[in-house]
Amino acid sequence: MQPNNAQGWWKYGVVYHIYPASFKDSNNDGIGDIPGIIKKLDYLTDLGVDAIWLSPVYASPMADCGYDIADYKSIDEQFGTMDDFKELLDKAHKRGIHIIMDLVLNHTSELHPWFLQSQSSKNNQKRDWYIWMPPKDGIEGRTPNNWRTYFGKKAWHYDHKTKEYYCHSFFREQPDLNWRNPEVKEAMFDIIRYWLDIGIDGFRLDVINLLYKDVELKNNEYCLFGKSKIHNRNQPEIYELLRDLRKLLDSYSGKASIGEIYVMPPGDPALVASFLGSGADMLHLALDFSLAYTLWKASSYYKTIAKYYQEIPENGWPCFFLSNHDIGRSVKRLFWERNKYAKAKLRAVLLLTLKGTPFIYYGDEIGMENVPIPKKQIRDLYGKLLYPFVSGRDRARTPMQWNDKPHAGFSKQTPWLPVSKHYPAINVKKDGAFVLSTYKTLLALRKNHTALHKGDIVFLNEGENNILAYSRKYEQEEFIVLLNFSGWGKKYATPFDNAEILFSTHGTVQFCTPTTLRAFEGVIIKRQRRCGISEMDACEAS
Ligand code: GLC
């Protein structure tokens with residue numbers, strides 16, 4: 001069964017990002033799995049989300065926790081079986097929840113049969129499916145160019161058997177595909193069709209801006225000021241590919257593509273938005289990192305959001321996220337940060353009332369925060385390679401905290417990563433900091449009021465340091481959202497003389513103007529329209 005709102009779900013719905021290894025362990029092996037997710041569908045229905053994005057569950061040697069795929073058409077046994085996956089799809093659809101698969105197109109696992117063939121000899125038919133180059137000037141030890149991986153190491157690995165280097169943007173276990181070879185595109189489009197035919201609703205496309213590299217594999221030129229010339233990403237050919245991909249998706253009904261446009265802080269909304277094309281011919285949504293990189297200040301948030309909106313094409317649609325499995329959680333992003341739960345609630349109001357599709361990272365809705373991982377327990381290769389300078393990404397991938405029982409109710413076994421020490425209070429059952437109840441109320445408000453998911457947005461106090469204020473309006477319905485980023489009470493003169501405070505992060509309060517917002521308070525105010533439309537206009541004019 002397909003969910004009802006076939007077309008607009010990716011625009012007006014809320015996406016919940018699950019890191020499968022850490023959501024719910026059903027077979028008590030310490031690792032989360034698909035049957036575990038099925039068990040928690042009632043929770044997700046109750047929370048009120050419209051779609052689940054699953055980080056990769058394909059067969060994988062797990063060098064990069066599943067972002068190294070060895071077989072794109074099967075499910076890794078640590079997560080379950082294809083039947084489990086189909087059961088999840090069916091049960092989620094029955095609840096009106098869409099399923100988005102994570103798809104890694106830039107690279108495969110080094111154990112993927114394509115790469116094994118490619119590596120076997122220079123003459124192999126699949127040699128050119130990956131990016132192979134002889135050593136520079138024929139001297140062993142000299143990499144073909146100066147490209148670096150996203151983890152800081154050289155982006156070339158020498159293969160002693162065939163005496164050439166292959167390119168890898170991430171770990172050496174993840175060789176980059178050569179998208180200039182049309183057979184690669186054909187094979188990947190076949191995989192995309194395979195999953196769409198199974199009935200999934202869309203893809204989150206991993207590091208989609210990396211697929212094409214400069215034809216001549218030119219050295220990157222870095223400069224301190226001005227714009228560096230970077231040749232291993234953002235090449236023009238990607239736009240053509242996205243057009244073809246969109247056509248493929250549009251030949252089905254209600255499918256969506258969500259691209260991860262990986263950029264370093266402070267983000268690059270213009271680049272991100274460029275992958276939406278006209279808004280109707282490339283990606284459906286493009287994930288922009290800027291909001292997650294923004295520092296705690298109303299004016300900074302305003303600048304980031306306004307800039308992103310400005311770049312979104314007329315027919316395009318924005319989307320927002322605060323946390324993910326790479327950059328970490330937004331709750332207490334800086335270790336000295338205080339008032340973490342008050343801020344988490346304020347961020348929740350922002351995420352769920354902005355114009356654009358919100359992405360909630362599992363556990364953010366209960367106030368989970370980054371967990372320090374002792375060296376011995378580090379699982380992320382990135383942390384293993386760069387410890388102690390970088391401890392890796394495990395801190396935001398720890399088990400979901402379901403209750404105050406051992407292992408937070410995630411598993412009966414010791415989980416693959418440690419559980420946060422905060423779990424006795426910060427869990428779904430207890431909701432010790434009331435973050436979950438805040439999320440639930442906001443999700444319900446967003447769903448029940450068209451203006452809050454579909455309405456236009458207008459900023460009311462651009463560049464103010466303490467309060468971020470904006471309105472959401474759709475036909476006759478209008479709301480004002482006020483967010484006090486300051487640790488002090490602040491006044492704000494609401495431009496409605498007849499209104500109701502629909503929601504406050506601090507509990508309900510009577511409306512009065514000017515509104516006094518308490519420290520870190522977020523409110524949603526609804527304009528009451530007692531008079532008819534023409535009278536209303538008159539009221540506004542007076
Ligand atoms: C993306 C994923 C990240 C992974 C990388 C390589 O950025 O989010 O977890 O390591 O791509 O696939």
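Atoms within each ligand, like the ligands themselves, are counted from 1 in listed order. A quick note: this is a predicted structure, and the numbers were derived from the prediction, not measured.
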Chemist: Assess whether a salt bridge exists between D64 and R393, defined as any Lys/Arg side-chain N lying under 4.0 Å from an Asp/Glu carboxylate O.
Modeler: yes
Chemist: Compute the ring centroids of Y166 and F115, then answer whether they are less than 6.0 Å apart.
Modeler: yes
Chemist: Would you mind checking if D364 and R347 are paired as a salt bridge, meaning a charged N to carboxylate O distance below 4.0 Å?
Modeler: no
Chemist: For ligand 1, give me the residues whose heavy-atom distance to it is below 4.0 Å, by chain and number please.
Modeler: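 For ligand 1, the contacting residues are D64, Y67, H107, F170, Q174, R204, D206, V207, E260, H325, D326, R393, R397.
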Chemist: Over 60° means perpendicular and under 30° means parallel, so classify the ring planes of F23 and W402, tilted if in between.
Modeler: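 It falls in the perpendicular class, over 60°.
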Chemist: Rounded to the nearest 0.5 Å, what separates atom OG in S257 from atom CZ in R246?
Modeler: 6.0 Å
Chemist: Is the closest side-chain heavy-atom distance between F79 and L54 below 4.5 Å?
Modeler: no
